[in-house]
Amino acid sequence: MASEKPLVAVTCTAPVNIAVIKYWGKRDEDLVLPINSSLSVTLHQDQLKTTTTAAISKDFTEDRIWLNGREEDVGQPRLQACLREIRRLARKRRSAGEEDPLPLSLSYKVHIASVNNFPTAAGLASSAAGYACLAYALAQVYGVESDLSEVARRGSGSACRSLYGGFVEWQMGERADGKDSIARQVAPESHWPELRVLILVVSAEKKPMGSTAGMQTSVETSPLLRFRAESVVPARMAEMTRCVWERDFQGFGQLTMKDSNQFHATCLDTFPPISYLSDTSRRIVHLVHRFNAHHGQTKVAYTFDAGPNAVVFTLDDTVPEFVAAVRHCFPPESNGDKFLKGLPVRPAPLSDELRAALDVDPTPGGVKYIIATQVGPGPQTLDDPHAHLLGPDGLPKPAA
Ligand code: PMV
């Protein structure tokens with residue numbers, strides 16, 4: 001009976017991205033326009049992804065959304081902004097006389113279900129993948145083919161960078177209406193095959209201040225943030241783009257660390273100050289610098305977002321030794337066999353020289369686990385109807 005309903009459903013997946021030149025601060029809160037451009041690496045969806053099904057039907061009486069199986073308030077302003085924006089683009093397309101691939105009325109309500117393949121409790125930023133996936137799925141279900149930066153950005157600024165794979169810049173743009181504030185691919189995911197990403201999940205002691213409130217206070221109070229946006233980031237964007245194009249790990253790694261450090265410095269310059277790093281984060285910073293000093297070159301580089309977890313970039317041949325160094329500094333407490341998730345890592349011994357160079361008192365359990373991953377592609381559409389998170393009745397399937 002339910003299957004006779006004229007329901008159109010699309011299921012997509014989208015990746016997490018991690019910024020190496022950070023976005024922090026809006027010049028327009030409503031349109032989500034940043035005070036500086038930013039550049040990120042898209043992480044592989046085999047390890048971290050959001051899956052979203054969007055369905056429209058004439059039988060739906062209201063817009064509804066389920067996140068990780070639980071119904072959420074569809075009235076949240078960011079979600080509403082995304083829905084409004086996608087419907088505006090769809091109307092624009094239709095009034096321009098373009099053929100509508102899905103001949104369903106724009107007034108139809110939408111049901112959305114979304115799940116992450118990683119635990120939200122790990123404190124990994126899921127909003128970028130979530131809103132990119134939402135924008136991508138809604139665009140297909142409403143037949144929108146234009147640039148989706150604006151739709152994703154309305155949900156979460158950094159989400160527009162998750163619309164592409166590989167290395168992605170979000171150009172801040174100059175226009176007041178934000179039409180030129182868009183994400184663009186700098187290089188595809190195949191560009192730097194040796195690049196690896198290790199996410200060091202650190203036990204969160206407290207819930208950090210959200211990025212929206214945090215960056216607003218920074219814009220209002222931090223002179224360092226203004227200096228950074230106007231006088232530091234433009235040259236760094238050009239330099240980071242060069243490092244990516246030339247696969248210059250030394251330059252890439254050093255600039256990544258410097259930019260993360262400057263972002264956290266602007267947080268401390270905010271009044272009242274914001275501090276996202278924990279003691280364990282700072283121990284990881286020291287470990288990375290000692291590891292690099294031991295080798296006489298930048299072999300690993302950290303970056304931290306609005307939380308204590310570290311994201312470490314390195315090349316494939318360095319992964320086993322660096323993981324051994326992390327194990328030495330942060331001995332796993334109980335789940336030794338589950339310490340490493342994601343891509344397989346060959347076990348490697350820690351040399352006496354490196355052990356001496358690290359010169360640390362180990363902190364058991366400081367790092368809960370490591371997710372090993374790599375650069376990955378942008379959003380995908382899943383053709384298999386079994387992948388839908390919503391059933392023919394438009395409600396979440398039991399597994400979702
Ligand atoms: O997109 P938002 O509002 O969650 O802000 C993201 C801010 C950082 O993650 C700290 C930096 C970035 O560019 O992703």
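Just follow the structure's listing: the first ligand is 1, and inside any ligand the first atom is 1.
Ligand 1 is approached by Phe263 to a heavy-atom distance shorter than 4.0 Å. Ligand 1 lies less than 4.0 angstrom from a heavy atom belonging to Ser156.
Ligand 1 has an N or O atom lying under 3.5 Å from an N or O atom of Ser211, backbone or side chain. Considering backbone and side-chain atoms together, Tyr23 places an N or O closer than 3.5 Å to an N or O of ligand 1.
One finds a salt bridge joining Asp147 and Arg184 here, because a Lys/Arg side-chain nitrogen approaches an Asp/Glu carboxylate oxygen to under 4.0 Å.
Comparing heavy-atom distances from atom 6 (C) of ligand 1 across Gly25, Ser158, Pro34, Ala19 singles out Ser158 as nearest.
For ligand 1, the atoms sitting less than 4.0 Å from at least one non-hydrogen atom of Gly157 are 1 (O), numbered in the order shown with element in parentheses. Close approach of ligand 1 to Met215 is summarised as follows: ligand atoms under 4.0 Å from at least one heavy atom of the residue are 3 (O), 5 (O).
No more than 12 heavy atoms of other residues, nucleotides or ligands lie within 6.0 Å of NZ in Lys258, so this atom counts as exposed by the packing criterion. Within a 6.0 Å sphere centred on CD of Glu174, heavy atoms belonging to other residues, nucleotides or ligands number 12 at most.
Put simply, the side chain of Met240 reaches to within 4.5 Å of the side chain of Thr256, judged on heavy atoms.
Between Trp192 and Phe249, the ring planes are perpendicular. Angles over 60° get that label, and only those under 30° would be called parallel.
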